[in-house]
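For reference, the structure discussed in these notes is given below.
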Amino acid sequence: MKKYDVIVIGGGSGGLTVASGASSLGAKVALIEKEKHLGGDCLHVGCVPSKSFIKAAKEIHSAKEKATKLGLEVSGEGSLKKINERIKSSIDVIQHHDSDERFINMGIDLYKGLGVFTSDHTVKINDDVIYGKRIVIATGSRAFIPPIKGLKEAGFLTNENIFNQEKLPKDLLVIGAGPVGLELSQAMARFGSNVTVVERSKTLLSKEDQSIRNVAGKLLEKELTILLDSDVVHVEKRNDKKIVSVEKNGVMSKLEVDEILVAVGRTPNSDTLRLENAGVTKNEKGYITTNAKLQTSVSHIYAVGDVNGKFAFTHVAGEEGKTVVQNAVLGIPKKMNYEQIPWIIYTDPEIFHIGLTEHEIKEKGITYSEYEIPLNDVDRFVADHQSNGSIKILTNSKGKIIGAHAIGKGAGDWMQTVIYAIKQRKKIGDLSQMIYPYPNHAAAIQRTADLYWREKLFSGIFPKLTKKYIKWFR
């Protein structure tokens with residue numbers, strides 16, 4: 001039986017971070033991956049293909065929009081076959097960085113197959129059983145399929161197979177209006193599909209700040225039909241069509257569509273691990289429970305990424321992987337901090353989020369200040385003719401940034417400055433003191449931060465001191 005300092009189960013973002021980090025520090029590492037290629041869902045059916053998909057949709061939409069403004073008539077739809085060929089080329093380039101050879105050359109032993117626990121220190125892959133002093137579970141998640149009557153028989157798409165389609169559905173129903181559902185819905189609409197989105201919640205993007213939700217909803221409803229507070233209760237296949245029964249407030253309606261996309265969340269890949277053999281516990285939804293150090297109920301076994309149910313983001317899995325390397329390999333205690341996790345929803349325009357929303361701040365009873373401007377107050381967005389959106393920064397009574405939200409062209413890029421400011425424990429006033437080259441998009445941050453100084457200058461002690469000084473000078 002081969003023995004290792006660290007066994008990593010799962011070759012996605014979190015697992016690869018742990019494997020490469022541990023190996024570089026001299027640990028003997030085994031990496032187990034059940035799929036043909038390393039990279040995980042993010043590379044093959046998630047982040048990378050979806051962003052390439054969205055980019056193609058933006059280009060088609062932009063070309064049609066510009067042509068129409070110039071008086072040209074544009075018709076037709078995008079070719080899913082050509083679009084998905086382009087996606088594959090993007091995956092192939094990035095796959096080179098996550099190739100088997102790269103990790104083997106690091107000195108890592110790579111096992112291909114399903115890893116299952118036989119004890120708290122041993123894992124079986126095919127006919128091999130290996131021993132690990134430390135074991136890291138990084139098996140990710142998969143699309144959750146709701147128990148809708150007739151759905152399985154009628155057939156459906158998820159993020160795992162939509163990028164393999166060659167025929168664009170004329171009418172598409174999307175179940176779920178979360179980030180994935182909205183991103184793919186908008187892209188499909190721009191390719192030429194008539195898209196209807198069904199969402200059980202009464203509000204769109206419930207985790208986002210109310211101001212951002214309002215703007216996003218108005219913009220998305222121009223391209224999509226969105227049915228909130230609604231449930232898909234039955235699907236029936238009739239010839240080449242799918243008849244979908246949708247219930248809202250006890251009233252049933254039927255939609256006839258060519259295809260259905262399911263995007264109602266994720267379920268963890270923990271069911272095949274035989275966790276009971278290792279004594280590792282999971283919650284009722286199948287997520288492996290961990291502490292702040294990412295340890296499971298068995299202290300030498302860790303869990304990172306989607307499988308622990310904290311945040312289903314690639315960048316979080318990577319950060320968790322770094323934390324585990326420090327704890328499991330270096331033995332230096334480090335806790336994972338989830339208080340200021342940023343994320344982006346890649347609709348057009350993009351949505352940026354970090355920290356608390358205004359509603360959450362009010363719930364916590366925190367004394368706060370709000371600084372918000374529309375993007376049509378920022379010259380660069382006006383010059384680009386893409387001024388739909390807004391930016392909002394929330395601070396505590398001392399000017400510390402406790403939440404920042406934006407919707408606008410490239411928001412995920414130009415709001416990075418705010419992430420850095422929070423990480424460096426800077427206050428909103430510090431953002432105003434930076435020099436922003438004119439005219440750039442990040443000036444939206446400056447304009448928002450300037451509101452803080454304007455508030456300070458025209459309220460409180462400053463006006464009183466100024467009046468006294470002017471009176472004395474006269």
Side-chain angles (χ1 to χ4, degrees), residues 51 54-55 58-59 61-62 65-66 69 205 208-220 222 315 340-358 361 368-460 462:
K51 301 312 164 282
I54 290 165
K55 175 63 175 175
K58 284 183 181 179
E59 289 176 355
H61 178 74
S62 178
E65 196 173 50
K66 289 176 182 177
K69 287 180 179 179
L205 299 168
E208 304 307 317
D209 192 89
Q210 182 69 53
S211 298
I212 304 302
R213 291 207 309 263
N214 291 343
V215 176
K218 290 176 182 177
L219 293 175
L220 288 169
K222 293 179 180 179
H315 53 283
Q340 298 288 3
I341 296 294
W343 67 73
I344 304 164
I345 299 175
Y346 292 92
T347 48
D348 185 18
E350 290 179 357
I351 296 170
F352 172 90
H353 178 126
I354 187 170
L356 300 173
T357 64
E358 189 170 2
I361 290 170
Y368 74 100
S369 294
E370 168 198 348
Y371 306 96
E372 183 175 13
I373 65 162
L375 294 186
N376 58 20
D377 279 355
V378 182
D379 292 356
R380 180 57 188 274
F381 288 101
V382 175
D384 289 346
H385 292 272
Q386 291 187 313
S387 57
N388 286 324
S390 64
I391 172 175
K392 181 176 186 177
I393 298 178
L394 301 158
T395 72
N396 65 11
S397 57
K398 296 181 179 180
K400 179 185 176 183
I401 302 167
I402 54 177
H405 310 275
I407 178 170
K409 175 194 174 185
D413 293 321
W414 48 264
M415 284 295 285
Q416 188 70 27
T417 305
V418 179
I419 299 176
Y420 183 75
I422 292 172
K423 183 71 175 177
Q424 296 301 312
R425 298 182 180 179
K426 300 295 183 181
K427 297 183 178 181
I428 188 171
D430 296 310
L431 290 173
S432 179
Q433 299 304 308
M434 292 172 56
I435 296 176
Y436 296 75
Y438 182 85
N440 72 1
H441 297 106
I445 298 170
Q446 183 184 38
R447 292 294 305 277
T448 309
D450 284 348
L451 297 177
Y452 168 81
W453 287 117
R454 192 176 303 168
E455 180 182 86
K456 291 292 183 184
L457 288 171
F458 294 102
S459 64
F462 289 105

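Everything numeric in this text was worked out from a predicted model, so none of it was measured. Note that the numbering runs from 1 along the sequence shown for the chain.
- In this structure, I345 CD1 and E208 CD are separated by 4.0 Å, a value rounded to the nearest 0.5 Å.
- V378 is not listed as a side-chain neighbour of I391, based on a closest heavy-atom distance of 4.5 Å or more.
- Remark: R380 CZ to L375 CG distance equals 13.0 Å, nearest 0.5 Å.
- Once rounded to the nearest 0.5 Å, the distance linking CD1 of I393 with CD1 of I445 reads 6.5 Å.
- Minimum interatomic distance between P349 and N388 (heavy atoms only, all atoms of both residues): CG-O, 4.2 Å.
- Heavy-atom minimum distance, E372 versus S390: OE2-OG, 4.0 Å.
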Please step through side chain to side chain contact (heavy atoms under 4.5 Å, CB included) for the pair K55 and Y346, ending with a clear verdict.
CA-CA 10 Å; K55 175 63 175 175; Y346 292 92; over 6 Å; no

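- Summarising the local packing, NZ of K400 is surrounded by 12 or fewer heavy atoms from other residues, nucleotides or ligands at distances under 6.0 Å.
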Would you check, one step at a time, whether the test side chain to side chain contact (heavy atoms under 4.5 Å, CB included) holds for H405 with S211?
CA-CA 9 Å; H405 310 275; S211 298; over 6 Å; no

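- H441 and D384 share a side-chain donor-acceptor pair at under 3.5 Å.
- Rounding to the nearest 0.5 Å gives a distance of 13.5 Å between NE2 of H61 and CD1 of I54.
- Using a 4.5 Å heavy-atom threshold, the side chains of L394 and D209 count as touching.
- Note that CD of Q386 and CG of D348 are 7.0 Å apart. Values are rounded to the nearest 0.5 Å.
- For the pair L219/K222, a side-chain contact is recorded, criterion being any heavy-atom separation below 4.5 Å from C-beta on.
- Across E455 and S369, no two heavy atoms sit closer than the pair OE1-OG, 4.2 Å.
- Between N376 and V382 the shortest heavy-atom distance is O-CG2, 3.5 Å.
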Test side chain to side chain contact (heavy atoms under 4.5 Å, CB included) applied to E370 and K392, step by step:
CA-CA 7 Å; E370 168 198 348; K392 181 176 186 177; 3.6 Å; yes

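- Counting only distance, with no hydrogens or angles, the side chain of H353 and the backbone of G355 share a donor-acceptor pair below 3.5 Å.
- For NZ of K426, the number of neighbouring non-hydrogen atoms (other residues, nucleotides, ligands) closer than 6.0 Å is 12 at most.
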Apply the test side chain to side chain contact (heavy atoms under 4.5 Å, CB included) to residues Q210 and R213: give CA-CA distance (whole Å), side-chain angles for both, the deciding distance (0.1 Å), then the verdict.
CA-CA 5 Å; Q210 182 69 53; R213 291 207 309 263; 2.5 Å; yes

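- Within the 3.5 Å criterion, the main-chain N or O of D377 finds a donor-acceptor partner in the side chain of R447.
- Ring geometry for Y452 against Y371 counts as perpendicular: the plane angle is over 60°, on a 0 to 90° scale with 30° as the lower cut.
- Only one option out of F352, F381, Y420 pairs with W414 in a ring-ring contact (aromatic ring centres under 6.0 Å, His included); it is F381.
- Minimum heavy-atom separation, V215 to G389: CG1-CA, 4.1 Å.
- Within the 4.5 Å cutoff, the side chain of T417 has heavy atoms near those of the M434 side chain.
- For the atom pair CG (L205) and OG1 (T347), the distance works out to 7.5 Å, reported to the nearest 0.5 Å.
- Nearest heavy-atom pair across P342 and H315 is O-NE2, 2.7 Å.
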